[in-house]
Trainee: 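I have a structure I would like to understand better, so I am pasting it below and will then ask my questions one at a time.
Order of appearance sets the numbers: ligands from 1, and atoms from 1 within every ligand. Computation of the quantities below employed the complete heavy-atom set of this structure, encompassing side-chain atoms and omitting hydrogens, waters and symmetry-equivalent molecules.
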Amino acid sequence: MYRIGKEEIEEVAKVIESKNLFKINDALHETEICEEMMRKQFNVKRSLLVTSGFAALTSALVGMGIGPGDEVIVPAYTYIATAMAVVAAGAIPVIADIDETYTIDPCKIEEKITPRTKAVIPVHIQGFPCDLDAIGKLADKYGFQILEDACQADGGSFHGRRLGTIGAAGALSFNQFKIISAGEGGALLTDDDRIYERALIYHDASAIAFFGNQLDGISEPQFCGSEFRTNEIAAAVLHRQLEKLDGILADLRKNKAYLTGLLKKKYKIGASNDLEGDCGTTLPVVFENEAEARAFAAKVGTGNYLPIDTGKHIYTHWTAILEQRGALHPLLDPFKFPVNAPFVPDYKSQVFPVTLDLLARTDFLLVSPDWTEEQMQKIAYTVL
Ligand SMILES: Cc1ncc(COP(=O)(O)O)c(C=O)c1O
């Protein structure tokens, strides 16, 4: 989260004064306002505000009809929540390596496709857009669905279209560490009515038929699901954050371009599938080896890190997945379902060399939208 202040405080105060904190109400309708804003801002038919990015991913997979017997391909470099969402839907995550853009390698996706591959989750990690053209071609060829994990890329785009709206569905996150935040929160975006309807039912399975007229116009039958319902306080914060989103992105991109200009004469900058759509949060500087990357990081001091040090963002740290504990009880564990068990990968023996190599010899400089040119010159001065 980059910018928060009196606008959010005033909006939250209005909600509290209204004494209507539940998402269905006759007062401020903050949840509905956010969903409407997202539909317009992202140019998408359906949007659903939920409690987290994980909730958005899981609801999307359920909406897409993914479940036991299915494989879903995920990148080796993503937060563990991406893979956990697949397991939460009852399916099996299949891991594929990344390429020099830090995002999933379309060639590696193709190597992993089997008759059971029902979906691929390209993750726009650090706001870096995946190559959705190449992945889209594979989807057409092999008949799988694309769920975009845009949890780290709120508002970014690929060739002019917002991330999260190009595949069958997309997921955003609004937790503390994202481009905009409501403390916690997430959103599902889709043009597909069936995905939306199933996700709507799944995300609020008990209250959906109880409060308001949420099931009006919904033709999908109700089924037992979860409780990922948002609330009006989170929505009030998000309302004001959504208004700030494009300004934040414009300033992030401007500053990333400026700092890149200063550094690129001496340093190699990481590759991108679409620099214009890139969110600008992160400037990757690539080195020949880890020692050089660490020496650079030490010189910069604060506001940077080597991605290899980011724990559960790297498949080697996905303990619950690697050790195949997919649920609270063995009988509920998708890794042990007879329909899944014969093809569960031996995760522990798998090695994804590009992920391990590239992340260890890259330094990520975290860009601020509020830097002045003088501040960026100072940062550059420490390493030039
Ligand atoms: C790539 C990615 N996917 C999914 C998530 C899950 O989002 P949340 O924490 O809102 O559940 C995160 C959160 O950090 C993430 O970085």
Side-chain angles (χ1 to χ4, degrees), residues 1-2 34 38 47-62 66 72-89 91 93 95-96 98 101-104 119-130 132 135 146-156 158 163-164 167 169-189 199 202-203 226-231 234-235 237-238 241-242 245 273 278-279 281-282 284 305 307-318 320-321 352 355 359 364 366:
M1 176 249 294
Y2 292 97
C34 287
M38 285 189 283
S47 70
L48 181 66
L49 192 55
V50 294
T51 46
S52 68
F54 172 81
L57 287 167
T58 309
S59 304
L61 287 164
V62 171
I66 305 297
V72 178
I73 300 176
V74 302
Y77 175 39
T78 181
Y79 192 54
I80 186 175
T82 314
M84 280 190 168
V86 175
V87 181
I95 308 173
I98 59 168
T101 67
Y102 303 90
T103 62
I104 195 162
V120 171
I121 309 185
V123 180
H124 309 295
I125 196 91
Q126 300 288 141
F128 305 145
C130 297
L132 293 176
I135 300 169
I146 296 173
L147 166 58
E148 288 173 72
D149 182 336
C151 287
Q152 296 193 7
D154 300 333
F158 178 70
L163 301 177
L172 308 178
S173 169
F174 309 121
N175 78 24
Q176 167 75 24
F177 312 102
K178 301 304 188 259
I179 296 170
I180 53 172
S181 178
E184 296 284 357
L188 163 81
L189 308 174
Y202 177 73
H203 103 286
S226 202
E227 296 284 354
F228 292 147
R229 200 172 50 238
T230 188
N231 69 80
V237 176
L238 186 66
Q241 288 278 290
L242 282 167
L245 177 59
N273 289 309
D278 176 278
C279 294
T281 59
T282 311
Y305 56 78
I308 198 72
D309 295 335
T310 56
K312 291 227 177 314
H313 289 85
I314 301 153
Y315 75 97
T316 45
H317 294 260
W318 297 352
I321 303 286
F352 298 96
T355 295
L359 300 190
F364 279 169
L366 302 182

Trainee: Using atom types as modelled and distance alone, determine if a side-chain donor or acceptor of T282 lies under 3.5 Å from a backbone N or O of L366.
Mentor: no
Trainee: Measuring from each atom of ligand 1, which residues have a heavy atom under 4.0 Å away?
Mentor: S52, G53, F54, L57, T78, Y79, A81, T82, V123, D149, C151, Q152, S173, N175, K178, G185
Trainee: Flag the pair L359 / I98 as yes when at least one side-chain heavy-atom distance between them is below 4.5 Å, and no otherwise.
Mentor: yes
Trainee: Side-chain contact test, heavy atoms from C-beta onward, threshold under 4.5 Å: evaluate it for V72 versus P93 and give yes or no.
Mentor: no
Trainee: Mind listing the side-chain donor-acceptor pairs of residues 73-86 below 3.5 Å, one per line with the distance, residues two or more places apart or on another chain?
Mentor:
residue: T78; atom: OG1; partner: T82; partner atom: OG1; Å: 2.7
residue: T82; atom: OG1; partner: Y79; partner atom: O; Å: 3.1
residue: T82; atom: OG1; partner: D149; partner atom: OD2; Å: 2.9

Trainee: side-chain contact (heavy atoms from CB on, under 4.5 Å) for L188 and V50? Distances and angles first, verdict last.
Mentor: CA-CA 8 Å; L188 163 81; V50 294; 5.6 Å; no
Trainee: Would you please classify the geometry between the F128 ring and the Y102 ring as parallel, tilted or perpendicular, with 30° and 60° separating the classes?
Mentor: tilted
